[in-house]
Amino acid sequence: MSDAAPHILLVDTPPALQRHLRLSLGTLELRLHWPAAEQVSECLESRPIAAVVLPLASVGGLPKSQAHALIRQSHAHGVPVLLLAEELPEAVEVMEAHPPGAVDCMASPPEPQLLRARMAGLVERFRARSAQEALRQSEERYRLSTLATSDAIYDWDMVTDTLRWSVHVRTLFGYPPEDVQGDFRWWSRNLHRKDRRRVLASLRDALEQGDVKWRQEYQFSRVDGSYADVVDQGYILRDASGQPLRMVGGMQDVTERKRAERNLRFLSEASAQLGSNLELRETLQRLAWLVVPELADWCSVDLVDEEGHLKRVALAHPEPRKRTRALEHWERLAEARERRSVLNRVVETGQPRWVHAFSRAHLEELSGGDEELRAALELLGCTSYMVLPLNARGRVLGVLGLLQAESGRHYDETDVELAQALANRAALAVDNAMLYQRAQRAISLRDDFLSIAAHELRTPTTSLKLSVQTLVRKLQGERPMPPREQLRSRLEGLNLSVARLEALENQLLDVTRLASGHLQLQREEVDLVEVVHGVLDAFAPQAEDAGCELVLVEHGPVVGQWDRSRLEQVVTHLLTNAIKYGAGKPVRVRVQGWPEWAQLSVSDQGIGIAPEHQSRIFERFERAASDRHYGGLGLGLYITRRIVEALCGEVHVTSRPGQGSTFTVLLPYTAVGARKPLAEGSHEEGGSTWEESAQPH
């Protein structure tokens with residue numbers, strides 16, 4: 001007998017009735033149990049029972065009271081009871097006391113054929129109830145499994161074209177129940193147009209070719225109009241002839257995974273592009289076109305120039321006409337330096353700025369108060385933007401601007417993280433390109449310096465060599481000795497050449513000491529007026545030869561704790577510079593003492609210095625004029641600045657092309673804070689421009 005055979009309880013059955021029942025039911029596939037009344041409860045709890053047979057007392061069975069209790073107990077478990085009674089009215093009386101269907105009755109002993117038919121009906125009822133319960137449990141497990149997963153589970157009945165969805169179709173795509181249509185067409189309409197033909201063709205092939213499994217990746221529309229990346233995997237159920245009847249599957253939202261993969265590929269490509277070239281402008285233009293249209297409709301890159309102003313170096317947008325108009329607006333805005341746009345604030349704070357949804361207030365902020373630029377931005381239809389600083393080695397080198405317009409997209413936190421990672425890579429690329437440019441410029445300056453130095457050294461060396469050779473030949477008797485005065489003049493010329501070589505050598509040595517930070521100072525009580533008088537006396541012949549009158553303006557001693565020889569160097573370099581570029585006009589030297597500072601000014605009326613060169617003339621090997629017309633190593637002002645800084649002072653220049661220059665040195669009387677000369681590249685650039693007559697703060 002099968003373990004799946006229904007269990008039947010025959011309770012307190014007398015022996016004669018028991019034999020009759022066994023013979024009558026023997027032809028059915030049943031598992032018969034013969035428990036006492038007190039064992040029924042345990043049997044109902046321990047196994048699935050199809051029916052309970054209760055003989056009443058009239059046939060040697062249970063009294064009515066006990067029968068009532070067992071019927072109630074069986075009914076609580078959903079098990080029907082069959083009463084066996086000699087007197088049917090007695091059984092009917094018991095039946096009327098219980099709900100319909102809970103109990104039935106037969107005459108005892110029952111007719112075997114009737115008993116089998118009645119028992120077969122109870123068994124069929126049991127099996128139907130068991131199947132229904134199994135279905136209920138299966139559906140409950142299915143419901144719980146759909147709740148446990150984040151996938152949108154579907155069940156497509158192809159015969160009736162009915163498509164049922166789990167609740168996650170709302171969670172993933174935002175559709176409320178009333179918007180979800182239960183047919184195949186609703187699903188197909190929501191496929192992205194670029195995927196629809198491919199996906200429908202793939203599904204049709206799977207159904208026609210007898211496949212039992214189908215899988216595709218595509219984009220599915222959300223209720224807000226955006227699209228989710230999904231992986232759809234379904235199982236196809238077929239009939240005996242292989243015709244598809246049903247398809248059960250699930251759509252998994254992989255948007256974030258796909259987005260992360262795309263972002264990683266984008267950053268990898270960006271890193272490769274940014275690292276492939278050290279030409280700054282080309283690198284930044286590549287960056288802008290890499291961003292458009294992957295991450296923005298518009299991309300701009302602005303760098304901070306030497307004056308602290310933003311200069312646009314790259315702009316990308318698919319339409320050239322729009323790019324041209326945008327650059328025109330930017331140039332006009334950049335001219336109004338007093339306007340503090342969002343770009344300037346990002347440079348000042350070093351913090352990114354981004355807006356998810358554009359508003360009029362954001363429009364005002366982005367335009368910086370420029371009416372025409374605001375109107376242009378309104379025409380663009382900006383929906384969202386980001387401005388990120390390009391930070392490298394603790395400095396903000398510029399800003400990266402990203403703007404969404406035509407696409408209608410909006411930035412979120414993930415986009416900001418991606419853009420920040422891109423900005424970090426771009427900042428490193430910009431810094432590397434700048435370092436490369438500086439290195440190239442330094443190499444060029446070095447080569448120029450070596451060429452100039454060779455020329456400067458060759459002139460006195462050649463003169464010295466020719467004079468020595470001439471004297472040697474005369475001493476060897478090849479030529480008569482010159483008169484004493486002529487010989488003295490030639491020796492003085494030799495001495496001047498040696499002095500010039502010595503001056504060049506000292507300049508080079510000073511540069512070496514300054515670059516390594518080893519400039520030694522011998523501080524003592526020094527009168528600046530006295531130092532200037534001494535240098536002016538020494539320069540008198542040179543100034544006379546150049547046609548420059550030297551004018552000194554001073555008002556008594558100006559005494560401080562300084563290094564006399566280094567001060568002489570400062571005055572010498574400034575006077576040399578003034579006489580060289582003074583165009584034969586008077587050079588005025590002014591010494592003045594203030595309560596906390598001493599001021600030295602050297603003014604000429606020569607060629608002047610253009611504003612764009614004034615910030616670099618104090619650097620090594622730099623010059624504002626061509627070395628073809630003016631000699632020198634280009635080190636005098638550099639050495640001057642470093643000596644003044646070592647003395648805790650400042651040096652500034654005011655100049656206009658064609659109107660001359662004024663160099664002003666400010667020195668504290670005592671060593672404030674014992675400032676040491678800085679190693680090369682560690683000084684701070686910039687500072688205020690001082691007028692000659694201005695009193696120091």
Side-chain angles (χ1 to χ4, degrees), residues 306 438 441-442 445-446 448-450 452-453 456 502-524 526 528 531-532 535 560-578 580-581 589 591 597-602 609 613-625 627 631-655 661-690 696:
E306 293 181 355
R438 289 173 188 162
R441 188 162 174 263
L445 287 173
R446 181 203 62 187
D448 291 344
F449 166 72
L450 291 176
I452 294 169
E456 291 291 322
E502 185 179 24
L504 292 173
E505 177 188 357
N506 288 334
Q507 280 193 347
L508 294 175
L509 288 174
D510 281 342
V511 169
T512 303
R513 296 188 189 101
L514 289 168
S516 61
H518 293 152
L519 182 66
Q520 298 295 324
L521 295 177
Q522 300 295 328
R523 289 184 179 272
E524 58 181 319
V526 178
L528 181 57
V531 171
V532 171
V535 176
Q561 292 292 321
W562 301 309
D563 185 312
R564 179 182 294 275
S565 64
R566 295 302 179 186
L567 278 185
E568 290 175 351
Q569 277 185 273
V570 169
V571 179
T572 297
H573 289 312
L574 293 180
L575 277 176
T576 301
N577 207 62
K580 182 189 300 183
Y581 300 108
V589 181
V591 182
W597 295 79
Q599 177 177 323
L600 166 68
S601 299
V602 179
I609 305 168
H613 298 314
Q614 292 179 17
S615 62
R616 62 180 182 84
I617 58 174
F618 292 102
E619 299 302 320
R620 281 189 305 174
F621 317 133
E622 292 284 2
R623 58 181 70 239
D627 59 279
L633 298 177
L635 294 173
L637 291 178
Y638 167 74
I639 294 173
T640 296
R641 177 176 66 83
R642 299 306 296 273
I643 290 174
V644 171
E645 287 178 348
L647 292 169
C648 307
E650 301 173 3
V651 59
H652 308 285
V653 61
T654 58
S655 180
S661 305
T662 297
F663 288 85
T664 302
V665 174
L666 301 173
L667 295 171
Y669 292 110
T670 56
V672 183
R675 179 176 175 180
K676 293 183 178 180
L678 300 173
E680 184 61 35
S682 61
H683 64 272
E684 297 180 357
E685 299 179 359
S688 305
T689 300
W690 292 79

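By convention here, the first residue in the shown sequence is residue 1.
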**Message:** How about CD on Q522, more than 12 heavy atoms from neighbouring residues, nucleotides or ligands closer than 6.0 Å, or not?
**Reply:** no
**Complete:** Taken to the nearest 0.5 Å, the spacing of L637 CG from L574 CG works out to 7.0 Å
**Fill in**
Nearest heavy-atom approach of R523 to C648 is NH2-SG, 4.3 Å
**Request:** Considering non-hydrogen atoms only, spot the tightest contact between W562 and P668 and give its length.
**Result:** NE1-O, 2.8 Å
**Asked** Do you know which of I639, L567, V665 makes side chain to side chain contact (heavy atoms under 4.5 Å, CB included) with V644?
**Response** V665
**Prompt:** Charged N to carboxylate O under 4.0 angstrom, E645 versus R641?
**Reply:** yes
**Asked** Where do I609 and S655 come nearest, in terms of heavy atoms and distance?
**Response** N-OG, 2.7 Å
**Request:** Grab the two heavy atoms, one from D563 and one from L647, that are nearest each other, plus how far apart they are.
**Result:** N-CD2, 4.1 Å
**Request:** Report the distance from atom CD of E650 to atom CG of L667, rounding to the nearest 0.5 Å.
**Result:** 10.0 Å
**Prompt:** Hey, does the side chain of Y669 reach the backbone of Q561 with a donor-acceptor pair shorter than 3.5 angstrom?
**Reply:** no
**Asked** Atom CG of L575 and atom CD of E568: how far apart are they, to the nearest 0.5 Å?
**Response** 12.0 Å
**Message:** Could you measure the distance from the CD1 atom of I617 to the OH atom of Y638? Nearest 0.5 Å is fine.
**Reply:** 15.0 Å
**Asked** Can you find a pair of side-chain heavy atoms, one from L600 and one from V571, that are under 4.5 Å apart?
**Response** yes
